[in-house]
There are 2 protein chains.
Amino acid sequence: MTSQQASGIAATDSDDLVDTLVQSAFATMAVLTRIAAEHDLSLTQLRVLAILRDRRPRMTALADYLGLEKSTMSGLVDRAERRGLLERVPGAGDGRAVDVQLSTAGAEIVDRVHDTIREALAPMTSELGPAEQRRLQNLLRRMFPPRSPESAA
Amino acid sequence: MTSQQASGIAATDSDDLVDTLVQSAFATMAVLTRIAAEHDLSLTQLRVLAILRDRRPRMTALADYLGLEKSTMSGLVDRAERRGLLERVPGAGDGRAVDVQLSTAGAEIVDRVHDTIREALAPMTSELGPAEQRRLQNLLRRMFPPRSPESAA
DNA sequence: TATTGTTATACTCTATAACTATA
DNA sequence: TATAGTTATAGAGTATAACAATA
């Protein structure tokens, strides 16, 4: 029984694409939030670690990417650093800059979480056949194209 | 120029369905969070108001639905009630129960936010043709079926 | 002067534990 | 006893404003 069934709150009938997108986003985020919490991470902390997986950005770049204030970033990095998940290192070439990188422990936990997320979403994705999965991915990517520096005008 | 382009953080190449789903969910949530903030609402407050749009649930039902503790619910309802967005009313038939309902002001704001969300997501959905939109909706609904009390075993 | 980052402060969100009132 | 809800407390996430150090 889901929490909704327990709560007696029913889904509405209005069901256009926007509603479906929003509901799917909440369902996906609920999975991510739950798995992050199982590893004592907030969703934001998990995002930070995930970004650091293959990058070592400046504090400012990290804040920009996440859409957060630099002061918020300081707090997030403080707490993650205190837990030994990441490290601050002097930014190359600029005496003011601070780069952020994963620690070994941080890299391990983000790998584990990544695997767990894939397992947790597998029951959903496996509702679709291989061709349908490709089609869904193509449709979503057209709506939400991956952002990259090369696409700058 | 997007914040990512400014930040110099590039998307990775690994791009299976799970990654696309997660990225799409974050992109969608970013839109919702931004629009909620423009109306001085947190995402959670917006969810509360959206649920109340066509329902008048108990405190407990609301907390269950959102996956929050009842004490958290008390705080959320406190702040929303203080702002005049909703009202507590005695629950029918149980002297302990409290039902929650939108105020007129709350109903107005949730309608406005709802419209704004549709407008904000329109550029994305309109990347797809009508048949593609139907296909995407069907695929997503198969992965994330709408929860309803009737589906209980 | 402008930029990078931190610190101080305040508010929201969240959970746990203890409590009151009702069932 | 069990359930519905609130209150007290604590910690995380967030923003704004003021600051220090570097460019």
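Sequence lines set the chain letters: A, B, ... in the order given, protein chains first and strands last, and positions in each chain run from 1.
The nearest whole Å value for the distance from the CG atom in A/Leu76 to the P atom in C/dG5 is 15 Å. Taking atom CG on A/Asp64 and atom C1' on C/dT3, their separation rounds to 12 Å, with Å as the unit. Separating the CZ atom of B/Arg82 from the P atom of C/dC13 is a distance of 10 Å, rounded to the nearest angstrom. Rounded to whole Å, the distance from CG on B/Asp99 to P on D/dG5 is 8 Å. Put simply, CG on A/Asp78 is 14 Å from C1' on D/dG11, counting in whole angstrom units. Note: CG (B/Asp40) to P (C/dC11) measures 14 Å, nearest angstrom. The separation between A/Met59 atom CE and C/dT7 atom P is 10 Å, rounded to whole Å. Between the CG atom of B/Leu41 and the C1' atom of D/dT14 there is a distance of 16 Å, rounded to whole Å.
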Heavy-atom protein contacts under 4.0 Å, nucleotides 16-23 of chain C, coded B base, S sugar-phosphate only, - none: BB---BBS
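An OP1 or OP2 oxygen of D/dG13 is reached within less than 4.0 angstrom by no side-chain nitrogen or oxygen of A/Thr44. Between D/dA4 and B/Arg58, no contact under 4.0 Å exists linking OP1 or OP2 to a side-chain N or O. For the OP1/OP2 pair of C/dC13 and a distance below 4.0 Å, the side-chain nitrogens and oxygens of B/Ser42 include at least one atom meeting the criterion. Taking side-chain N and O atoms only, A/Arg88 has a distance below 4.0 Å to OP1 or OP2 of C/dT6.
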Would you sort out whether A/Ile51 and A/Leu66 count as a side-chain contact (heavy atoms from CB on, under 4.5 Å), showing the intermediate values? CA-CA 10 Å; A/Ile51 291 169; A/Leu66 294 169; 3.6 Å; yes
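Contact check on A/Asp78 versus A/Arg88 returns a salt bridge, with a Lys/Arg side-chain nitrogen under 4.0 Å from an Asp/Glu carboxylate oxygen. A salt bridge is absent between B/Arg112 and B/Glu108; no separation between the charged side-chain nitrogens and carboxylate oxygens falls under 4.0 Å.
In this structure, of D/dA4, C/dA15, C/dT4, it is C/dT4 that holds the atom nearest to the side chain of A/Thr60.
Side-chain contact between B/Leu76 and B/Leu62 is absent, with no heavy atoms from C-beta onward closer than 4.5 Å. The closest side-chain heavy-atom distance from B/Asp111 to B/Arg53 is below 4.5 Å. At a threshold of 4.5 Å between non-hydrogen side-chain atoms, the residues A/Val48 and A/Leu68 do not count as touching.
Of the inter-residue distances, the one linking B/Gln45 atom CD with B/Asp40 atom CG reads 11.0 Å to the nearest 0.5 angstrom.
Using a 4.0 Å heavy-atom cutoff across all strands shown, A/Ser74 reaches at least one base atom of the nucleic acid.
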